Chemist: 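What follows is a structure written as structure tokens; I'll ask about it next.
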Amino acid sequence: MPLHLIKLSVGTDDVSDLAAWQADRRGQGPDGLPRHVTRMWPKRTDEVLDEGSIYWVIKGVILCRQRVIRFDELDRGDGIRRCAIVCEPDLKRVAATPKRAFQGWRYLKPEDAPRDLAPGREAEEPLPPALQAALAEIGVL
């Protein structure tokens, strides 16, 4: 069973912002795939690489996910070993789920992961994040 990661997308207003950042060269690795660079290296990489995803928290709500392809070691010349979490470029929207702020990334068990939006709903215009959070908090989304 796959294990997932969860991460805050700091400075992002919505899913399209995250997609734009990842489409920019700064959000990609040399192979053109989106990646997130962190100092902490997951110890449970095999479980995450077994179809695991990274779930993105945007403005206090989990809104999308990407499948994790691999973990690359990154050296910026300062002697600090960093981990690049390399993902598929496709952002899959999920049911809006409130999530309190935390630092870094965390593991997310499959049973705690929000479900993907039903086919056909992914193309819908997303609600404003504050409204999504409010609806998710009362169990409507």
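These figures come from a predicted structure and were not determined experimentally.
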Chemist: Using side-chain contact (heavy atoms from CB on, under 4.5 Å) as the criterion, list what pairs up with Arg44, not counting sequence neighbours.
Modeler: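 Partners of Arg44 by the side-chain contact (heavy atoms from CB on, under 4.5 Å) criterion, ordered by chain and then number, come out as Leu3, Glu47, Tyr107.
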Chemist: Can you list, by chain and residue number, the hydrophobic cluster partners of Val37 when the side-chain cut-off is 4.5 Å?
Modeler: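 Members besides Val37, by chain and number: Leu74.
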Chemist: Would you compute the distance between atom CH2 of Trp56 and atom NE2 of His36 and round it to the nearest 0.5 angstrom?
Modeler: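 The distance works out to 5.5 Å.
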Chemist: To the nearest 0.5 Å, how far apart are CD in Gln66 and NZ in Lys7?
Modeler: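 Here the interatomic distance stands at 13.0 Å.
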Chemist: Nearest 0.5 Å, what's the OG-CD distance between Ser53 and Glu88?
Modeler: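 If we round to the nearest 0.5 Å, Ser53:OG and Glu88:CD are 8.0 Å apart.
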Chemist: Of all residues at least two apart in sequence or in a different chain, which pass the side-chain contact (heavy atoms from CB on, under 4.5 Å) check with Asp17?
Modeler: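 side-chain contact (heavy atoms from CB on, under 4.5 Å) check on Asp17 returns Thr12, Asp13, Asp14.
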Chemist: Give me the other members of the hydrophobic cluster that Phe102 sits in, counting Ile, Leu, Val, Met, Phe, Trp and Tyr linked by side-chain heavy atoms under 4.5 Å, directly or via other members.
Modeler: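 Joined to Phe102, directly or through intermediates: Ile6, Leu8, Val10, Tyr55, Val57, Ile62, Val94, Leu108.
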Chemist: Could you grab the distance from atom SG of Cys83 to atom CZ of Arg39, nearest 0.5 Å is fine?
Modeler: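 Between Cys83 SG and Arg39 CZ, I get 13.0 Å after rounding to 0.5 Å.
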Chemist: Please list, chain by chain and in numerical order, all residues satisfying side-chain contact (heavy atoms from CB on, under 4.5 Å) with Thr45, sequence neighbours excluded.
Modeler: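 So Thr45 forms a side-chain contact (heavy atoms from CB on, under 4.5 Å) with Trp41, Pro42, Phe71.
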Chemist: Taking the side chain as every heavy atom from C-beta outward, state whether Arg65 and Cys87 have any pair of such atoms under 4.5 Å apart.
Modeler: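 Side-chain contact under 4.5 Å: no.
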Chemist: Taking NZ, NE, NH1 and NH2 as the nitrogens, is one of them in Glu73 or Arg82 under 4.0 Å from a carboxylate oxygen of the other?
Modeler: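 Salt bridge absent between Glu73 and Arg82.
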Chemist: Decide, yes or no, whether a salt bridge links Asp90 with Arg67 under the criterion of side-chain N to carboxylate O below 4.0 Å.
Modeler: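 Not counted as a salt bridge, because no side-chain N and carboxylate O are separated by less than 4.0 Å.
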Chemist: Who else is in the cluster with Val86 when I, L, V, M, F, W and Y are joined by side-chain contacts under 4.5 Å?
Modeler: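 Members alongside Val86: Leu33, Ile69.
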